Amino acid sequence: NAGVTQTPKFQVLKTGQSMTLQCAQDMNHNSMYWYRQDPGMGLRLIYYSASEGTTDKGEVPNGYNVSRLNKREFSLRLESAAPSQTSVYFCASSEREGDNQPQHFGDGTRLSIL
Amino acid sequence: QKEVEQNSGPLSVPEGAIASLNCTYSDRVSQSFFWYRQYSGKSPELIMSIYSNGDKEDGRFTAQLNKASQYVSLLIRDSQPSDSATYLCAVKTGGYNKLIFGAGTRLAVHP
């Protein structure tokens, strides 16, 4: 029962390098989300995909791009990494949009940018 | 800017006591409220959801919602050391299933 799987779990990058974080869910959920979590700031939404084929910006989208590859997979790309993007990144999914739909989280990717 | 506020803690309670965690939110039209538990270095785990005014109980957990006061709380009865974690309050706002998270309250249950 995998749920939401994120790869990699840890990564160290140098400033200016690019990287793609991968996320896949096996719950047949329609909606998927990318968050970042920084100390003392809680989780902040970067991008989300309400359904396959759609993506929208969240609260902090600058410096990121996303791709909803298919219903299962939602990737997050850093084109030119900056030290301010050092964070823990969580992918989440929910069955569909709607008031009562809880989100289920992956284990996170811990990303350090030097 | 829609906000969700929580006391960062730590909230320290003895084993067996009731832990009371509080959350206030700014968006008056919010309809759905969630409590997540996050152990250090782990991902958030959903423990309670509440949508209507009043209390909702699930085992040792009770969520309380007061929309007029824009206030949601989580009570943990018979607190155990294994309950020591950060508790995140999340509020759904806007037309999509977008959650706004509070920064979390760290709970420490001591034997």
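Because the structure is a prediction, the values reported are computed rather than measured. Residue numbering restarts at 1 for every chain, and letters A, B, ... go by the order of the sequence lines.
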Under a 4.5 Å cutoff for heavy-atom pairs, which residue among P44(B), S8(B), G41(B), S30(B) has the most contacts with chain A?
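Max contact count across the listed options: P44(B).
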
Give a yes or no on whether R106(B) atom CZ has more than 12 heavy-atom contacts from other residues, nucleotides or ligands under 6.0 Å away.
no

Is [Y] reachable from [X] through a run of I, L, V, M, F, W or Y residues, each pair having side-chain heavy atoms under 4.5 Å apart?
{"X": "M48(B)", "Y": "Y25(B)", "answer": "yes"}
{"X": "V4(A)", "Y": "Y47(A)", "answer": "no"}
{"X": "V88(A)", "Y": "M32(A)", "answer": "no"}
{"X": "W34(A)", "Y": "L78(A)", "answer": "yes"}
{"X": "W35(B)", "Y": "L75(B)", "answer": "no"}

Segment of L43(A) engaging chain B (4.5 angstrom heavy-atom cut-off)
both

Interface moiety of F105(A) toward chain B, non-hydrogen atoms closer than 4.5 Å:
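For F105(A), backbone and side chain are both near chain B.
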
Euclidean distance, Q37(A) CD relative to T86(B) OG1, rounded to 0.5 Å
8.5 Å

When rounded to the nearest 0.5 angstrom, what distance separates NE2 in H104(A) from OG in S43(B)?
11.5 Å

Stepwise side-chain contact (heavy atoms from CB on, under 4.5 Å) test for Y33(A) and L99(B):
CA-CA 10 Å; Y33(A) 314 82; L99(B) 294 181; over 6 Å; no

Using heavy-atom distances under 4.5 Å, tell me whether Q38(B) contacts chain A through its side chain, its backbone, both, or neither.
side chain

Identify the residues of residues 107-114 of chain A whose heavy atoms come closer than 4.5 Å to a heavy atom of chain B, ordered by number, or report 'none'.
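Checking residues 107-114 of chain A against chain B gives D107(A), R110(A).
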
Side-chain contact test, heavy atoms from C-beta onward, threshold under 4.5 Å: evaluate it for Q103(A) versus F34(B) and give yes or no.
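Q103(A) vs F34(B): side chains apart.
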
